Amino acid sequence: MFYVALFAGLWYTFAGWRPGYSTHEIWMFPLMVALPIGLIMGNVPGAMILGSAIGMLYVGMVAPGSETPADMSLAGLIGISIGLSINADPGTAIMIAVPFGILGVFLNQIRRTINAKFAHMADKHALSCDEKGIARCAILYPLIMNFVLKFPPAFVTVYYGAAVVEKFIAMLPGWMLNGIAVAGGVLPAIGFAIIISMIGKRSIFPFFFLGFFLVQYFHVSTIAAACFGVPIAVIIVLLTKESQDEVIASTNKVDADSSDDELEVG
Amino acid sequence: MFYVALFAGLWYTFAGWRPGYSTHEIWMFPLMVALPIGLIMGNVPGAMILGSAIGMLYVGMVAPGSETPADMSLAGLIGISIGLSINADPGTAIMIAVPFGILGVFLNQIRRTINAKFAHMADKHALSCDEKGIARCAILYPLIMNFVLKFPPAFVTVYYGAAVVEKFIAMLPGWMLNGIAVAGGVLPAIGFAIIISMIGKRSIFPFFFLGFFLVQYFHVSTIAAACFGVPIAVIIVLLTKESQDEVIASTNKVDADSSDDELEVG
Amino acid sequence: MFYVALFAGLWYTFAGWRPGYSTHEIWMFPLMVALPIGLIMGNVPGAMILGSAIGMLYVGMVAPGSETPADMSLAGLIGISIGLSINADPGTAIMIAVPFGILGVFLNQIRRTINAKFAHMADKHALSCDEKGIARCAILYPLIMNFVLKFPPAFVTVYYGAAVVEKFIAMLPGWMLNGIAVAGGVLPAIGFAIIISMIGKRSIFPFFFLGFFLVQYFHVSTIAAACFGVPIAVIIVLLTKESQDEVIASTNKVDADSSDDELEVG
Amino acid sequence: MGKMKENTTITKKDIWRTFWRWWWTCEMSNSYERMQSVAYCYAMMPVLRKLYPDNEDYSEALQRHLTFFNTEGIVGSVILGISVAMEEERVESQGKMPGETIIAVKTALMGPVAGIGDTITWGTVKPLIFTLALTASVKGSILGFFLLFLFVPATVIYGWYLMVMGYKVGKTAFASLLESGWINRIITGAGILGLFMIGALSATTVKLQFAGTYMSAGAEKTFQSIADGLVPGMLPLLAIMAIYMFIKKKGHKFGTIIIATLVIAMSLSFIGIV
Amino acid sequence: MGKMKENTTITKKDIWRTFWRWWWTCEMSNSYERMQSVAYCYAMMPVLRKLYPDNEDYSEALQRHLTFFNTEGIVGSVILGISVAMEEERVESQGKMPGETIIAVKTALMGPVAGIGDTITWGTVKPLIFTLALTASVKGSILGFFLLFLFVPATVIYGWYLMVMGYKVGKTAFASLLESGWINRIITGAGILGLFMIGALSATTVKLQFAGTYMSAGAEKTFQSIADGLVPGMLPLLAIMAIYMFIKKKGHKFGTIIIATLVIAMSLSFIGIV
Amino acid sequence: MGKMKENTTITKKDIWRTFWRWWWTCEMSNSYERMQSVAYCYAMMPVLRKLYPDNEDYSEALQRHLTFFNTEGIVGSVILGISVAMEEERVESQGKMPGETIIAVKTALMGPVAGIGDTITWGTVKPLIFTLALTASVKGSILGFFLLFLFVPATVIYGWYLMVMGYKVGKTAFASLLESGWINRIITGAGILGLFMIGALSATTVKLQFAGTYMSAGAEKTFQSIADGLVPGMLPLLAIMAIYMFIKKKGHKFGTIIIATLVIAMSLSFIGIV
Ligand SMILES: OC[C@H]1O[C@H](O)[C@@H](O)[C@@H](O)[C@@H]1O
Ligand SMILES: OC[C@H]1O[C@H](O)[C@@H](O)[C@@H](O)[C@@H]1O
Ligand SMILES: OC[C@H]1O[C@H](O)[C@@H](O)[C@@H](O)[C@@H]1O
């Protein structure tokens, strides 16, 4: 199991570092790690099956404001490798994976708290035009920090088996597990609240509610919402501009007219 | 039956006087009168059962512009007391109550026609700053008038039994009963028409149709309508204001600019 | 069959000439020609049954920009007369009619290409104020051209029977027949595109999408769309006008105010 | 305007008294001609007396609040709050705020607020609480009786809150509101919402249908189903519009309207259309 | 402009004649290049002759109404009414109303009105009446034949009404409409409604689907169901937009469009996509 | 501003480098306090160096792009394109374009673009491709592994396209955009769409429900069904609004928010409400 655990630790570090915007959710995706784990453990089809099953859980997840509702990377690495080692069926593998998906969220939050430090360092480098320094803050330090933060838990869990952690979890009372799950459902709200507060402008705020209730009451997809939202936004922008221009033109004309009058009078 | 009839007559007077905005529909509500009638007639549970059943008919009723579609007060008083006296099941009590609910509507309309007199009297008192006079017009005279108008029918019907009235009704041809019921369904339209005509403003009139068809076509609740209506109203108000301010700012700027030019020329 | 064929040829000419705006789709409608064909062939009820059946196919058809998706006139004439002659049931008559409905579309397109010539002629007559000339371009020439273009195919097909044409069609490969049908489904798009491009104005273009998706997502009728579209259009027009007037009034007031100031200063 | 009292500060108690008078009486004197106007005047009396020691001013003010008025009583409290603020403003500005403006604002707001209020108070809060009460008593318990009265605190709370809000917004911001054009916007916004909600509410409340059935392909179909296929709610809408047009053209002749409604309903019922 | 006739009053009869000419001929000379322009000119002729005794003016006016025009013929009558009013206005104002404005207004209105009219006349009134007729004759009765002609009075009534309305609004209000900015608003409003309705109508009328099925979890599914899951009506919308873009860029080359449609449909059918 | 380089033309290669740096690093240094600001600065560095040979100007520019920034990375490229154009504009106009404006524009756009981008990239494109991949591997095939990477070209294509578009629009039209008021309109429009889409997205993403059931007429009903009958999505909406209000009042105290969320969730779970 050592090599799998090593791979899990390193990969969890790498994926959590999030290199490549379009790729970072690929690195984390359970299906993606299934192939290397399968190769290491000599059971590619089995790994793919588990990876596909666990991936199903997370395929619709959105992380607005980088606030992931669940850590699919940790869930996938642990669920697939341990699941494979005990020859688990997909259902069992999912049950192993899910709690780690929730726990991993907190590691991500610690990461983003620490990252603030590097932003402060970049501020200083900006003053002295230290390009390399800024680059280090953008790339290197986050990598190192990720290693320190994320290698140990992934390595240890896979190496010693999920059993220890599971036992610990089993000791928790039901309401606490439920509470964690409930919190997991609410976490994306933070991301949405961030983006709403970024847009801010009071006069258009109610569009948030329109979008929300459109989906709640009519159960349409977000694509459908876009099919209505895009035309509405464009219409408002263009009609407002047009109306403004008309008024400005007409007032200018009035002004011009009265100037003419004055000329005639004078 | 005398005491019940006395209670019915007095209560119908009192409730029809409508003291207390949030309470007036409580006084009229069948479930409310069930308790006192039950106490007088010594059968509280039975009264509550009938009151609850008759109340069901009227719980969703709205009386825009004070134009009640049905008089639940008369219906309740008569339906419960007579129903209880003949040991009727809820279904029978409802059948006794309903026609009175419709007939009572006309009493309410007479009341509001007469009330106009007191408004004219208040006009005179306003000229002489007669505070007590205005208070009488607002409170006392309506009470007396209600007594004269509403005590007799309720008292008589309960005392002599609904039988007389019922027989009379049974003599009416079917189309007439149906006609009254149809009119009852249309009466709320008067209230809505009053409110629409109060709002008046032509430029926003079509919102009435939007609300109407939203509910007709998509079968959503009025709460749902509010979930869309509130954001839309707020958006229109704020965006229009914003656009107006932008234009005014820009024209002022233009004006200011041209003033500058003039200064330079001068 | 000669007289029927003669009737078919002449009627196809007449209907394709499209006299009378509200009538032109009546002349073309299969149910309409069923009566005369039935009279000629001595089987009115049978003709009405076939006409009604074939008419069903085309009753919902709309021809925006005069771009008919199918030529119901040719379909009806041929389907009913041949169907009647071979004593076909409605299903068979429909199968005879449909391919001609598609083929006829191309005749209509040729007609509208040639008609351009007459418009050019009218241009010249306008220069010389030749009223009769313009009238000929508007009425006579299109009639003659329709005769040349449309009499032969209708006459020949009905006279020699659909068999020849049918055999020809049967020789076509399946994908080609399917392709023609697919093209028939797309043809109305041309009409809609024409009208959209006629309206043009960029600032209101997105309303097209709103109408389109309203129907696509909520499966409501076009009447329902109108129930929402009319209020929305009226609201936008009136609210914009109102807002513009408010701004203009306020800027004029400001101007007036500053003029006053100047007066006081002067 | 006669001479003014120097210190005319309206206290919270004055506002509460106005609210309470309104709350108790606003439906008592409701008449077709003037609706809730007498109650409005009665409610404003203490505040007006305090503001206008001079009898002439006072009489004028009383007449001001006897003009046609109708709204939903709870959400409508906000309008009384605004009226109080405007009257105070009028006194403090030595009459610069014209009496007509005070009338205009209350008249402009009453309709929209009635639409909104009817939906909230009577269309939502009441049915919720009353249904709860009915359910509680369906088997004879007296609990339902008491539950009904939950409606009082529920509504008094937001009514009072809105009254105070109306007063405060009116006091601190009225002059600037009027000037900046916000008041027009607010009236427009309230009107939009009011009309929209009245539309939604009437769609579920007014009832009118074609009677009769016909046979189609062996199955019995109602004529109403044809009407529904065309425009659902066609008849109720026509009824509302017809009455509206009548009011618009002939004024508030409610007697006529009611009798006409009855007669027409009877006639259509007689010939079997409805 | 040449010398003017003193009394040029257009009578109701003149308007009726214009309507009637239009109604009879508007589809006869319909061409890809100019659509209903010849018919428009033919319909306006009597009125124009009356207004412009001078041949030069008359010729100019005739040319004015030979420009590209297309609309739905019944609701479109309103545009003819407006044109008549504007021509009369032009004469009465001794030419102050420019000919270009007359063209601009009819051209701006034709599209929106086509959208609205197609929905009302062809999308609603016609199917209602024709379906009635079909149902009546489904078992061989000749009743359906006569029912079809109900379509004539039904449409002529509102067509004529709109024609007169167009004329009246044009006459009494045109100068002020143009000045006050209302005409722009009306064109915008008509455009909004026209586009909206054309959108709704095309959603039910244009048909294009993916062909083919695949097996999923033992059940046969169509490829079209995937497309519907994404954006229903995706293909028809693409088709409309593609043709629209083509018209926008290359002009009214309908021959090309039709042949291209056919060729593409054939090709896609051949490789099995549609 | 210090002395300027004469020829500072930004090449396509410079833009590509900016895009690529951004694409690779934008999530690495994401922090609660400043989100993607370090990556933004890192991505802009080559362009800024080229534009500002003078170290003082350069340092200022670097600081400019270290301010709080967060958006969706792919659609967000359009903002980087605009920033590059504005910086170039600033140099070419000898500093007439103030640095604050550059910050203002990127800050105003980031929110709306995040809303739009999250919906497109993460809410639509990703699930489509990833679901495809999952389906391919559900029985053990390794095909899914490779399909996942389709997401890279798919997104890079429109990201790069938007980046270039942002730059071009910025270059050719920025001055006039700013003047004519279009930029305000665009920000408003993006905001409208962003908020609308974020609303739609959060409706399907945030999950919070009442726990528990009760018996009604012999059938078991959930308390949540009552809430759904009132306003569906009530609880998620309340959660979002509560957090939003907190951020609005207390700033970006995410640690507090997360802990509070956890504690409240635990407490409510303990007493059995959720
Ligand atoms: O919500 C906008 C944006 O915020 C973060 O920076 C990341 O989570 C992105 O994935 C997301 O798109
Ligand atoms: O419709 C507004 C209002 O009108 C009347 O005065 C009463 O019926 C109220 O209950 C109602 O809310
Ligand atoms: O689409 C507008 C209009 O275009 C053409 O001229 C004809 O097809 C009409 O039937 C149609 O209504």
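Order of the sequence lines fixes the chain letters, A, B, ..., with proteins taken first and strands second; residue numbering starts at 1 for each chain. It should be emphasised that the depicted structure is a prediction, and the values quoted were computed from it without experimental measurement.
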Of the backbone (N, CA, C, O) and the side chain (C-beta and beyond), which part of [X] lies under 4.5 Å from a heavy atom of chain E, both, or neither?
| X | result |
| --- | --- |
| Phe205(C) | both |
| Ile196(C) | both |
| Leu214(C) | side chain |
| Glu67(C) | side chain |
| Ala53(C) | neither |

[X] [atom1] to [Y] [atom2] distance, which is reported to the nearest 0.5 Å:
| X | Y | atom1 | atom2 | answer |
| --- | --- | --- | --- | --- |
| Ile194(C) | Ile240(E) | CD1 | CD1 | 12.0 Å |
| Leu50(C) | Ser137(E) | CG | OG | 12.0 Å |
| Phe209(C) | Leu237(E) | CZ | CG | 5.5 Å |
| Phe118(C) | Ser31(E) | CZ | OG | 10.0 Å |
| Ile134(C) | His65(E) | CD1 | NE2 | 11.5 Å |
| Leu134(E) | Leu31(C) | CG | CG | 5.5 Å |

Tyr21(C)-Glu72(E) side chain donor-acceptor pair, cut-off 3.5 Å: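 The criterion, which ignores hydrogens and geometry beyond distance, is satisfied for Glu72(E) and Tyr21(C).
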Donor-acceptor side-chain pairing of Ser29(E) and Asn115(C) below 3.5 angstrom: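 Side-chain D/A pair, Ser29(E) to Asn115(C): absent.
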Side chains of Glu25(C) and Phe151(E) in contact at under 4.5 Å (non-hydrogen atoms):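 Answer no - side chains too far apart.
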Side-chain heavy-atom pair Met241(E), Phe208(C) within 4.5 angstrom cut-off: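 The answer is yes, as the side chains (C-beta and beyond) meet within the 4.5 Å cut-off.
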Distance-minimising heavy-atom pair for Met28(E) and Pro142(C):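 Residues Met28(E) and Pro142(C), closest heavy atoms: O-CB, 3.5 Å.
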Val59(C) versus Lys126(E), closest heavy-atom pair with distance: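 Smallest interatomic distance, heavy atoms only, reads O-CE, 3.4 Å.
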Residue part contacting chain C, namely of Ser267(E), when any heavy atom lies under 4.5 Å: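 Answer is neither: Ser267(E) stays 4.5 Å or more from chain C.
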Met266(E), part contacting chain C, at a heavy-atom distance under 4.5 Å: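 When you check distances to chain C, atoms from both the backbone and side chain of Met266(E) fall under 4.5 Å.
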Distance flag, aromatic centroids of Trp122(E) and Tyr58(C), threshold under 6.0 Å: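 They do not qualify: ring centres at least 6.0 Å apart.
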